[in-house]
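Inspection log for the structure reproduced underneath, given as structure tokens.
As a basis for the values below, the full set of heavy atoms in this structure was taken, side chains included, without hydrogen atoms, waters or symmetry mates. Every chain is numbered from 1, with letters handed out A, B, ... down the list of sequences.
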Amino acid sequence: MARHLITSAIPYINGIKHLGNLVGSQLPADLYARYLRARGHEVLFLCATDEHGTPAELAAAKAGKPVDEYCAEMWGVQKELSDGFRLSFDKFGRSSSAQNRALTQHFAGKLAEAGLIREVTEKQVYSKADGRFLPDRYIEGTCPNCGYDRARGDQCENCTKQLDPTDLIDPRSAISGSTDLEVRETKHLYLRQSAMRDKLNAWIDEKTDWPVLTTSIARKWLNDGDGLQDRGITRDLDWGVPVKKGDEDWPGMEGKVFYVWFDAPIEYIACAKEWADEQGLSDEAWERWWRTDKGAEDVRYTQFMGKDNVPFHTLSFPATIMGSGEPWKLVDYIKSFNYLNYDGGQFSTSQGRGVFMDQALEILPADYWRWWLLSHAPENSDSEFTWENFQASVNKDLADVLGNFASRVTKFCRSKFGETVPEGGEVDAAIMAKLQGFDETLAAYATHMEAMEVRKAAAALRSLWAMGNEWLQDAAPWAVFKEDPAKAAAIVRLALNLIRAYGVISAPFIPDASHAMLSAMKTEDASWPTSLSEIATALPADHDFTVPENLFRKIADEEREDWQSRFAGVRT
RNA sequence: GGGCCUGUAGCUCAAUUGGUUAGAGCAGAGCGCUCAUAACGCUUUGGUUGGGGGUUCGAGUCCCUCCGGGCCUACCA
């Protein structure tokens, strides 16, 4: 029994996430959370929407809604979809919550007290027509280097030259197209990350067991060029956490908000408070997860995220926590993922390319997607979704191997013994031969799950399912029955117990089908098995069961072709 | 430009960190079974590990080089 705090990178509010986003953070985090709970650990699994920033404002404007209203609606949509995918968050919060506002301001105050905030007056491009300062990316113009006429203020996409917005020829607002731009002075707060470079470096050096992807990105930022740079943590926007020093006003920073990347990770903490508040619990309830002086010393904290999020989680957020001088829990392990590509290109939210969470659930239930995505998680390199591969994996693994096992066993039993676990006989060593490696694979499965080796865990689980078929084929109760019904009964008894065991161990991957298996076996016993001998006796003779509906249906070629063409273009 | 990752069977991926004959699943071929969702099982074909060079008793693994793919490069989040 241990205590595990798990967070998934928080999805941005401006639209529905695609399957690449899902498999890069929320889904593997859910897999891990479900597994640890099933093994009896105490788990707090948190996620939220990341709501602040320019893109949210623009998306709201496009939808013709006030930004707070837009975010509230989109939170509802994302919450519904995460429920649809069976993501088992203990709390799905919002970075715009009152809790996060207070905590973000608190951290800023502490950092200021520690001398880790400096004020910088800088020049930024202001668009009079848009009535806002424009982030570099939202300024377009002609590249001075190559002449490309849609270069952005941070970089020319055509010749990849890094630019300053003032380098652009004929600059215009990418939002409105207005050329009525001017450079204005504005004051911002910078987090002095450079002052914490040594501390962060030493901390990263300790993390020898982290994925290479995680540490190499962190090291790159720490050591590249002049080393870790200070980062601006405020913006000239309306939508965000107002800049304050704790409870107090921050002279000179009126009307400004914190940068999303400052308040978003703090939401991991605030979300725990949202969780406690919602249930009427005291602060102690969430502080025991987050404050090492209040019980979080023995918590193991694991974060899940796509590789694009790594710098903020390995450097900026730890800098915030360390710099506060307060005993907040630092992350113990960061599991990062590469990208999932879609049929030869990238999934893209902005371009509407690929399959999005809502569309996926319209087509097929969550388990189908969960199984494919997790068993193909982009752990070592980018991986690719194709409809053919999806169809083949789902049909073979879920319908043929697992679903059909449950079907053939329960239906055979019903026809020969009725819908009751049959009694009599004994399964001898010869009959057990085909289950030789079962315990070993079961242990390997657990080891992979604990190590968050997602694809290896999926392969081990599939292998356990396959062993059921191999064994059953060898034991052949349909043949044995003719000569020795008692022996056939014993075989079927073990087979039915295997279904229950599959229901338990498969639950982190395919929770709905697992639930269906357990309820068909009419058992509440979800205790995690560690050996075949435990499995064999869970359901005793005379225990009733029902033949379940087919656990999975197969994807027909015509359907696949239909989806293939339907999702070939971009989402409108 | 710089940095990091990556290239293994038709496809998706392994390979105990330098150790025997590079392994699985899918797809393909053959056989078997008839409980089951035309499902299951057994056997089997298939690789100059992107190309070239080097180190080593030994290289998929380390070094160099070339070719291809991807990501990051700090104001998208």
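- The nucleotide whose nearest atom lies closest to any side-chain atom of A/E470 is, among B/U37, B/A77, B/C42, B/C42.
- Near RNA chain B, meaning a heavy atom under 4.0 Å from it, residues 230-240 of chain A has A/R231, A/R235 in order of number.
- Atom CD1 in A/I499 sits about 12 Å away from atom C1' in B/C35, given to the nearest Å.
- Listed for the A/Y339 side chain is no donor-acceptor partner under 3.5 Å among the backbone atoms of A/E384.
- A straight line from NE2 of A/H448 to P of B/A24 spans 16 Å, rounded to a whole angstrom.
- Checking B/U37, B/C26, B/A77 against the side-chain heavy atoms of A/F312 singles out B/A77 as nearest.
- Using a 4.0 Å cut-off between charged side-chain N and carboxylate O, A/K187 and A/E122 make no salt bridge.
- Comparing B/C26 with B/G46, their C1' atoms sit 14 Å apart, to the nearest whole Å.
- A search for salt bridge (Lys or Arg N to Asp or Glu O under 4.0 Å) contacts involving A/R172 returns A/E140, not counting sequence neighbours.
- Between A/E559 and A/K554 no salt bridge is recorded (no basic side-chain N to carboxylate O distance below 4.0 Å).
- Among the nucleotides B/G41, B/A77, B/A39, the one closest to any side-chain atom of A/K554 is B/A39.
- Classification of the A/F337-A/F304 ring pair by plane angle, with boundaries at 30° and 60°, yields parallel.
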When you look at A/W371 and A/W465, which way does the ring pair (Phe, Tyr, Trp, His ring centres under 6.0 Å) test go after all the steps?
CA-CA 14 Å; A/W371 174 252; A/W465 297 340; 4.9 Å; yes

For RNA chain B, please output the secondary structure as dot-bracket, reading 5' to 3'. Pairs are Watson-Crick or G-U wobble, both atom distances under 3.5 Å; mark crossing pairs with [ ], other-strand partners with |, unpaired with a dot.
(((((((..((((.....[...)))).(((((.......))))).....(((((..]....))))))))))))....

Could you go over nucleotides 67-70 of chain B and give all protein N or O partners under 3.5 Å, atom names and distances?
residue : atom : partner : partner atom : Å
B/G70   : O2'  : A/D382  : OD2          : 2.3

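- Relative to the side chain of A/S407, the nucleotides B/A36, B/C40, B/C13 differ in distance, and B/A36 lies closest.
- Among the atoms of the strands shown, base atoms are found under 4.0 Å from some heavy atom of A/N550.
- As judged by a 4.0 angstrom heavy-atom cut-off over every strand, A/G227 is placed among the base-contacting residues.
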Side-chain atoms of residues 451-464 of chain A: list all donor-acceptor pairs with protein atoms under 3.5 Å, sequence neighbours left out, distances to 0.1 Å.
residue : atom : partner : partner atom : Å
A/R455  : NE   : A/E379  : OE1          : 3.4
A/R462  : NE   : A/D397  : OD1          : 2.7

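- If you measure from atom CG of A/N309 to atom P of B/A77, you get 12 Å, rounded to the nearest angstrom.
- For A/R493, there are no salt bridge (Lys or Arg N to Asp or Glu O under 4.0 Å) partners two or more places apart in sequence or in a different chain.
- Judged purely by atom type and a 3.5 angstrom limit, A/Y138 has no side-chain atom pairing as donor or acceptor with the backbone of A/F133.
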Short heteroatom pairs, N/O only, protein and nucleotides 4-8 of chain B, under 3.5 Å:
residue : atom : partner : partner atom : Å
B/C4    : O2'  : A/S216  : OG           : 3.3

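- Comparing the P positions of B/U55 and B/U61 gives an interatomic distance of 15 Å, to the nearest angstrom.
- Neither OP1 nor OP2 of B/U37 sits under 4.0 Å from any side-chain N or O of A/R553.
- The P atoms of B/G47 and B/G23 are separated by 13 Å, rounded to the nearest whole Å.
- Distance, A/W372 CH2 to B/C11 C1': 12 Å, rounded to whole Å.
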Check residues 473-481 of chain A and write down every donor-acceptor pair under 3.5 Å in which the side-chain atom is one partner and the other belongs to a residue at least two apart or another chain.
residue : atom : partner : partner atom : Å
A/Q473  : OE1  : A/R408  : NH2          : 3.0

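- One atom, CZ of A/R408, and another, C1' of B/U34, lie 9 Å apart when rounded to the nearest Å.
- No engagement by A/S415 is indicated, since no non-hydrogen atom pair under 4.0 Å with the nucleic acid exists.
- The stacking criteria are not both satisfied for A/F412 over the base of B/C35, which would need a centre-to-centre distance under 5.5 angstrom and an angle between ring planes under 30 degrees.
- At B/A39, none of the side-chain N or O atoms of A/K411 fall inside 4.0 Å of OP1 or OP2 (strictly under the cut-off).
- One C1' atom belongs to B/G69, the other to B/G51, and the distance between them is 16 Å to the nearest Å.
- Counting only residues at least two apart or on different chains, the salt bridge (Lys or Arg N to Asp or Glu O under 4.0 Å) pairs with a member in residues 227-240 of chain A are A/R118-A/D230, A/D236-A/K256.
- The side chain of A/R462 contributes no N or O atom lying less than 4.0 Å from OP1 or OP2 of B/A24.
- Nearest nucleotide to the side chain of A/A392, out of B/U37, B/C35, B/C26: B/C26.
- Comparing B/C5 with B/C11, their P atoms are spaced 25 Å from each other, to the whole Å.
- The salt bridge (Lys or Arg N to Asp or Glu O under 4.0 Å) test applied to A/K220 returns A/D224, not counting sequence neighbours.
- Straight-line distance from the CD atom of A/Q391 to the P atom of B/U12: 16 Å, rounded to whole Å.
- Regarding contacts with the backbone of B/A15, a side-chain N or O of A/K456 is found under 4.0 angstrom from either OP1 or OP2.
- In this structure, a donor-acceptor pair under 3.5 Å is present between the side chains of A/S96 and A/E51.
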Does the side chain to side chain contact (heavy atoms under 4.5 Å, CB included) test come out yes or no for A/C71 and A/R94, once each step is laid out?
CA-CA 9 Å; A/C71 287; A/R94 303 180 58 185; 3.7 Å; yes

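- Atom-to-atom, CD1 of A/I555 to P of B/U37 comes out at 19 Å; the value is rounded to the nearest Å.
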Taking only N/O atoms, report every protein-nucleotides 29-32 of chain B pair under 3.5 Å with atom names and distance.
residue : atom : partner : partner atom : Å
B/G32   : N2   : A/Q473  : NE2          : 3.1

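- Straight-line distance between the P atoms of B/G19 and B/G25: roughly 24 Å, to the nearest whole Å.
- Residue A/E122 is classed as a base contact, given a heavy-atom separation below 4.0 Å to a base.
- Note: A/W372 and A/F390 have perpendicular aromatic rings, judged against thresholds of 30 and 60 degrees for the angle between ring planes.
- Heavy-atom neighbours of A/E182 CD from other residues, nucleotides or ligands within 6.0 Å: above the threshold of 12.
- Taking the nucleotide of RNA chain B with the nearest heavy atom to each of A/Q229 and A/Y259, the more 5' of the two is matched to A/Q229.
- Checked by distance alone, A/N404 brings no side-chain donor or acceptor within 3.5 Å of a matching partner on the base of B/A39.
- One N or O on the side chain of A/T320 and one on the backbone of A/S316 form a donor-acceptor pair closer than 3.5 Å.
- No engagement by A/F481 is indicated, since no non-hydrogen atom pair under 4.0 Å with the nucleic acid exists.
- We find that CG of A/N395 is positioned 12 Å from C1' of B/C26, with the value rounded to whole Å.
- Here A/R560 pairs with A/D557 under the salt bridge (Lys or Arg N to Asp or Glu O under 4.0 Å) rule; sequence neighbours left out.
- Glycosidic conformation of B/U8: anti, with the torsion beyond 90° of 0.
- Taking the six-membered ring where tryptophan is involved, the planes of A/H313 and A/Y268 are tilted, since the angle between them lies from 30° to 60°.
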